[in-house]
Each structure stands twice: as structure tokens, then as C-alpha cells.
Amino acid sequence: MQPAMYHTEQTSEQSPYSPRLSSLAAIALVCSLILIFTFTLYHSAQSRQHELKNHMLNVEINRVQRAIEVNLQKEAYFLVWLANTLQNKGKIDDRVWKRTTAGIRSTFPFFAGVYWLDAESTVQWTTPTNFTPYPTNANWEASSSVKLNAMPVLSRLSTSTVHPAPNGRLAIEMLHPVVFDGEIAGHLGASYNIKMMVEAIAAEFLRPGQNLVLSDGARPFIGELPTAAGAMVNTVALNALNGQWQLTVWQSKEAEHTYFSLPILIFIAGIVVTALVAMSLYLLEVNIIGRRAESSMVSMLKEEITQRREAEAQLKFTANHDPQTHLPNRFAMEQYLNRNLRSDHDMVLMCVSLDKFQEINDMYGHLVADQLLFEAAKRFKSVLPPHAILARIRNDQFMVACAGMSQLEAEMQANQLRMCLEEEFYIEDNDILTTCAIGIAYRYNNELLADDMLRHADTAANKAKALGSRKVVAYNQTMQEQLNRKKELERAIRQAINNDELKLHFQPQVDLRTRQIVGVEALVRWESQNGVAISTDVIIQTAEETGLMQRLGHWVVDTALKEFSRMLDERCAPKCIAINVSGHEFQDGYLADYVIRSVNRYDIPASRVQIELTEQVFIENLERNQHILNRLTASGISLAIDDFGTGYSSLAYLKHFPVNTVKIDRGFIKDLPQSNDDLVICQAVVSMANLLQLKVVAEGVETIDQQELLRNIGCNFAQGHFYYEPMSADDLMVVLKKQRAGRLYPAS
Ligand code: C2E
Ligand code: CA
Ligand code: CA
């Protein structure tokens, strides 16, 4: 199955949340436009404000001009009124003068003083008395064109030009004739303090920062014209003063400056608006991008979830199904049983075990074998009821679970399955015949769990196989008991091997001509704790099945050689000690080394050690085994073929191996001398061995007849209960010592 790929990394370099360049450019453009607009507005507001200020200055200067004129007129009126008052007196003397002009300064503060000029233009009286009027030699008529005279009331008033007066003053002299009896008796004069008046008016009308200048066009009389550029200046002609005087009001640039003028406010507002717009647009963009990224993330996640779901579904299918047949697997079957056995269902479980499936695999290849399984599954389905569950449990095992089926129906169904499989398969140009064994487990009114049912069906199928296959066997309790016993035995043997509870016995081999013990064979013994002797075959088989054979083998080699070295020490050792080595042990590449090392360790001559191997070991894995066998014989150890006749029974291959002894299996001896067949076999083996110059040992000799017959056919060595049963090392040494002493009389 293709594993699902989950893409979580970002392929683009840009983060999905960073705004796009085009958007940023658009934001910059909008902001620039707003800023340009702001500046334009700012500039127009500034010039508008300038205009406004100019206008204001104009208004202000006109007001000042008007105020000056009004003031001058007012004073002029007063002088006319005072002249008329004097005229009305009809005469003028010191007393009249003083009374008329008393308090004049306090009423008209801008009059520096008034004075009386007599007919000869001589100053006669002054108020205040210490006032010095304009020099008498001045030309009084010089300024008769003063505008003030334009008014009828003032028509006779004459005024001077502005002139500097004592105490830094600027003054205008005003003269009005006083007529007594139709003749000008003199002139009433007044010195008008222009500077004071102008300053007072400026203080009243001008704002801080505004300056007033009175000049005659060439030089200023009052105030200073601005020196710095950029000041706002407004100049008008002062009509009241003959038009030759100019009034200027100006204000400096600094004074113009106000912190919160409209242009500044516009400017600030523009900047703020730009910033706000930029920020809003940026946030909007970020938001849009965020949403887009979110939605693409969501769709990515959706896709990923879909992929995951698919992968999960696939995984689930794989976890629950067999890839070749697409049938439910063992796990799924267990689940099914677990689910269904919880209810009180009666259940039948059949285990269909194909015969020699491995052979089919080897012969036709995996593809054909897989196809066979597929076809078999199809056939099974065709004969099963629809509610039956068919599963493939193992390589060559199917299982069928079926609820609500009687025992008889189940057996009939099983036979149907068996027969449909036995029909010929035609796969890829191959005719394939196959058979099977079927085990059935029932669950009727009992509390069997899924696991038990699976085990029972399996046990029954194994039993069916053991009975020769093509059988249908129903599970019964005895099978379980047998299995339990086997299991228990296995456990005990394993424990015995682990705890060194085993013993080694020795069975002598005798020379049939001299009856002398020429060799001993080491045989494992174990007596279980309850005193029952366990068959050595069972011990060996169990050790092989449970992986303990190597350990057991090493122990046997070690113990046998140790005991043999004891016999050597006691000077009673036979010529040879034979040690059995099983096929399992032989697969251990280090076996030869171990035996050779042990032989050296106990200082035993290698020629006195023989290793017994079955035919099977010689034949299987020929090249590799030959190498090991050669190593053993190279060191001086001899080899014997054990149980000869039970396997390939061909002496021809013996020439390939460095063997020097053949042991005829007990099976050919036990029915002698009655069995003619066995006699012929024994004769053939002996004569062939003699030809090949091999030593022949007959195993399991129990009777004298057997002994005589073997002797007659030329067999020189024998081993069996007729001579000695296997015995402990100590017992053996007693026998061997007797033989050495010549006190041994073998049974005859
Ligand atoms: P085996 O190598 O053929 O050993 C001879 C078997 O015949 C022994 O059985 C022995 O007790 C039995 N026997 C000898 N004489 C007679 C007789 O006159 N009559 C009868 N009925 N039986 C006789 P045992 O000791 O039960 O051993 C069975 C097999 O277990 C051995 O057959 C051998 O293949 C294997 N075995 C025993 N000990 C070892 C061992 O240490 N290592 C390995 N690998 N296999 C061993
Ligand atoms: Ca043997
Ligand atoms: Ca044997």
C-alpha cells in the first residue's frame, strides 16, 4: 500500500500571512495621493490665511487711521470751541485766559499745552505755564492745507506739519483766530502730542506682535520698520495729516505663527488620515491574506484528513484482511468470534489445513500458489452458506465460522469443503491437485471464548492431518488432554535440561568373536521427579523443538568425555566411546570445534572417540556437512552411521564420507531370525560394509539366536540388552574392571 503523504511544509518562500507586494504598492499610492492632497490643501489654506491676515491688517490699519483722524478732529473741535469761548468773552486778559484753559490737560491729555499768540504772533500766555510753545518764528501758515480744515467748522483752523518737540515728543501745532469786534485779536494755539496719541491708539487697537510706524515717507517718526524679510506690512496715507504722513502697521513672521492655525490643523489631519488609511488598508490586506491563508489551510487540512481517512481505511483493511485472497485474516476472525460469542450463539468453527502447500509453493512458485489460494477461497465461498465467515488464518489454513449449524450439518459442510478443494485446479497451464484436513470446533451451550475455539479447531485439524489427511475430525476433550500432557512434559524436560537433572548412561558394544567390551555408547537418561522414566527419544525431540539441543549436546559431549577420561585414569576404559549427535546439533557450525576442544581438554586420544550420526545428517546439506565431518576425522575422531537402513539405505554414498562404522538399526534385528527380509538386508549391509572395510555394529541384540545369526553372516560387533543394558558410569566401571581382571563372563 502506498503510504499517505502529508504536506505540511510551505513550498513558497513567502509566508502565507505576509501581505502581497502589489497591495503594499497600492497602499503606498493611496497614501501618497492623500499626502499630495493634504499638502495642496495646506498650501491653499496657508495662502488663504495670509490673505485673511493681510485683510485683517488692512482693517486694523484703517481703524487706526480713522481713530487718529477722529482724535485729531476731536481735538480740533475742542480748540475751535475754546477759541469761540474766548471770542465770546469779548476780550482776553490773564484772568480770562487762565479760567478758560484751566484743567485742559486733564480733559485732553494729548494737548501738550495751549497758548495765546497776540496779533504780533507773540506768545502771551501758556497753559500749563511752564509749557514752551512752538518757536515763534515758525511759519504758521505753512500748513494751511491740512485736511481738517475741509470741514466748515474747522475752516479757520490752521495746522502745522508734524515737528519734533521738546521731551522727545512729536507735535502738531493748531492755531485758530480769535476775533474781537470784527478784528483778529490773536490766535489760540495748541501743541498736539501726536506721538502720545498714536501710541495710545496703537495700544488700544493693535494686537501683540503688531507694530505701528509713523513716517513721512522718508524716515520714521514713530516706531521702526521691519528689518527681517517676510514680515506682513501694510501702509496707508494718513489723510488727517496733510496726506504726506504714512501710517504703517506690520507684524513679524514669528508673530504670524500660531501652533494650531488651520493649515497646520489641515496638515496634521492629513498626516493622521494618511496614517489611519495606511494602517486600515494594511490591516485589511493582512486580514484578507490571513483569511485566504486560513481557507487554503482549511482546504489543505481537509485534503490531509481525507488522505488520512483513506490511509486509515486502507490500513484497517490491511490489518483485517489477507493480501492474497482478500479474505478476513486471523485478527478479523478473532474479532468476529469475540463479537459473536458474547451473545449466546451456537458456533461452529472449521479449520481447513491445506496439505503440502509448501511443496506447491516450491514446485510452481509463489504466483501460482497465491492464485491457488485465491481459487480455493472462491470454491469454498461457493459451497458455504451466505452467513458463514471465511477467513485465511495462516499460509495454508482457512477457517470458516458459522452460527446456527448442527454437528451433522457441520460435518457435511466440512466434507463439502474438502471435496470441492480436491477437484483439480488449472492455474497458469498447471494441473494442480491438492487435499486438505479439516478440524471442527463446536460451541454448544458452553462458555468457549474465541481463543479457545480457534485453538480447538487448529488442534482438530492437526489431528486430522496426523491421521493421514483428507479427514474431517471434530475436536474432543481427549485431544486437549494429550496436548496438555505434552506441554507439561515439555516444560519438565526443559527444566531438567536447564537444571542439569539429566544423567548419562553408557551401553557397552561387544566384539562377537571375543565377547569383550570394545566400546561404549553414551545415552541420555532422565527420571522425572515423580519417578517416571521419560523416553530418551522424547527428551531429544523436546530439546530439539524447544531450542535446547545445543546446550544438551554440549553437556553430553562434556559429560561423556569426562567419564571416559575417568575410565582412562582407572585404566579400565574400552577402546572407544561413541557419542550421539543429532541433526540439530550438527547444524551448529561450532560442534566439531567443541568436540575437538573437549577431547583435548580431557586429554583423550581422539582415535578413541566416535561420533554417531544418522544417515539423514550425512545426506542433508552435503557440502557443508562434509566439511565439518572432515574436520572431525582430521583430528582423529571416527564417525559411525547410526540407525542404518531407516533412511536412504544406500551404502554407495558412504564412500563420500570419512565413515568407519555402520550401525544396523534395531528394527532389522528385532525380528531375526524369523524375518527373512531383515536377514537379507542384514547380510547385504554386512557384506557391503566388509567390502568397504567398514566396521558393522548390530544394535538391539536381545537373544542368543540373533547373536549367532549375526556372527554367521560376518557381523563382528553388537550392542543390546542381550549383553548389557545402558548403565551408569560407576556400574560400567565395575564391569570394565572385572573384564580387565579377566573375571568377566559375558552372557551367552
Ligand atoms: P540410538 O542411538 O539408536 O541408541 C540405541 C537405543 O537402543 C537406546 O535407546 C538404547 O537404550 C536402545 N537399546 C539398546 N539395546 C537395546 C535392546 O536390546 N533392545 C531394545 N529394545 N533397545 C535397546 P535410548 O537410550 O532410548 O535412546 C534412543 C535414541 O535417542 C538413541 O537411539 C539416540 O538416537 C537418541 N539419543 C540417546 N542419547 C542421545 C544423546 O546423548 N544425544 C543424541 N543426540 N541423541 C541421543
Ligand atoms: Ca546411537
Ligand atoms: Ca541406533
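Note that ligands are numbered from 1 as they come in the structure, with each ligand's atoms numbered from 1 the same way. These numbers were taken from a predicted model, which means no experiment stands behind them.
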**Study point:** side-chain contact (heavy atoms from CB on, under 4.5 Å) assessment of Arg392 paired with Leu373
**Key:** CA-CA 9 Å; Arg392 182 165 170 232; Leu373 289 171; 3.1 Å; yes

Exercise for review: Tell me, with the steps shown, if Glu422 and Arg418 meet salt bridge (Lys or Arg N to Asp or Glu O under 4.0 Å).
Suggested key: CA-CA 6 Å; Glu422 285 173 5; Arg418 184 178 61 76; 3.0 Å; yes

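- Rounding to 10°, one obtains 160° for the angle at the Ca ion (ligand 3) between OD1 (Asp643) and OE2 (Glu699).
- For the Ca ion (ligand 2), the N/O/S atoms of Glu521 include one lying under 3.0 Å.
- Residue-ligand proximity: Arg525 is placed with a non-hydrogen atom under 4.0 Å from ligand 1.
- Considering only heavy atoms from C-beta on, Asp558 comes within 4.5 Å of Tyr602 through its side chain.
- Polar contact with ligand 1: present for Val524 (N/O pair, distance under 3.5 Å).
- Look at Lys670 and you'll find every heavy atom at least 4.0 Å from all atoms of ligand 1.
- Residue Glu585 places a heavy atom less than 4.0 Å from ligand 1.
- Checking Asp642 against the Ca ion (ligand 3), an N/O/S atom falls under the 3.0 Å cut-off.
- Inclusion of Glu699 in the set of residues having an N or O under 3.5 Å from an N or O of ligand 1 is warranted.
- Between His456 and Tyr475, the ring planes lie parallel to each other; the angle is under 30°, not in the 30° to 60° tilted range.
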Exercise for review: Test salt bridge (Lys or Arg N to Asp or Glu O under 4.0 Å) on Arg566 and Asp569 and set out the steps.
Suggested key: CA-CA 5 Å; Arg566 199 149 67 91; Asp569 291 347; over 6 Å; no

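- Here the angle centred on the Ca ion (ligand 2), running from OD1 of Asn580 over to OE1 of Glu612, is 80°, rounded to 10°.
- Atom 15 (N) of ligand 1 has its nearest heavy-atom neighbour, among Glu612, His505, Gln507, in Gln507.
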